[in-house]
Amino acid sequence: MADENLSKGLVDAAFNKKEAEEADKIKEENKANEGDIITFKRDGQQLEAVVTSTNPANSVVCDLTIMEDFQERNFDFEKTVVAHKNYTIKKRSKK
């Protein structure tokens, strides 16, 4: 009986883990493509950037210099990486 309960518990845990992983995945149509403009928060600031390349599995590389106030923000970088789950698409490219 104990072995049966342990086995059932392991199967339930595996099923719940798989279900959680699926829920975390971003649908393909909600992922940004090159040229799309995205918005995201970083260090309490709302940022906007254009996507320059994508990693379909988990992230995009984007260029922050499209922001009008980029120079005033004194960033140490022009590009950054953002996970798919951490941005929203503001505008799709016309490609």
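Counting from 1, the numbers follow the sequence of the chain as shown.
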Test item: R42 and V82 side chains (from C-beta on) under 4.5 Å apart, heavy atoms: yes

Point-to-point distance, once rounded to the nearest 0.5 Å, from CG of N86 to NZ of K41: 12.0 Å

Expected output: side-chain D63 to main-chain K79 donor-acceptor under 3.5 Å: no

ILVMFWY network linking V81 to F77, side-chain heavy atoms under 4.5 angstrom: no

Non-hydrogen side-chain atoms of V60 and S53 separated by less than 4.5 Å: no

Donor-acceptor contact below 3.5 Å, side chain H84 vs main chain N30: no

Heavy-atom pair of closest approach, residues E72 and D69: OE1-CA, 2.9 Å

4.5 Å side-chain heavy-atom contact, T88 and F40: no

Gap between atom CD of Q45 and atom CE of M67 - 0.5 Å precision: 7.5 Å

Any V51 side-chain heavy atom under 4.5 Å of N33 side chain: no

Minimum heavy-atom distance between F75 and L47, given as atom pair plus value: CZ-CD2, 3.6 Å

All side-chain contact (heavy atoms from CB on, under 4.5 Å) counterparts of K90, not counting sequence neighbours: I37, T39, E48

CA sep, side-chain torsions, deciding dist, call: L64, E78, side-chain contact (heavy atoms from CB on, under 4.5 Å): CA-CA 5 Å; L64 298 164; E78 293 181 354; 6.0 Å; no

Neighbour count above 12 (heavy atom, 6.0 Å) for Q71 CD: no

Side chain to side chain, D36 and K91, heavy atoms closer than 4.5 Å: no

SG-CD distance between C62 and E34, expressed to the nearest 0.5 angstrom: 12.0 Å

Nearest non-hydrogen partners of A49 and I66, listed with the distance: C-CD1, 3.6 Å

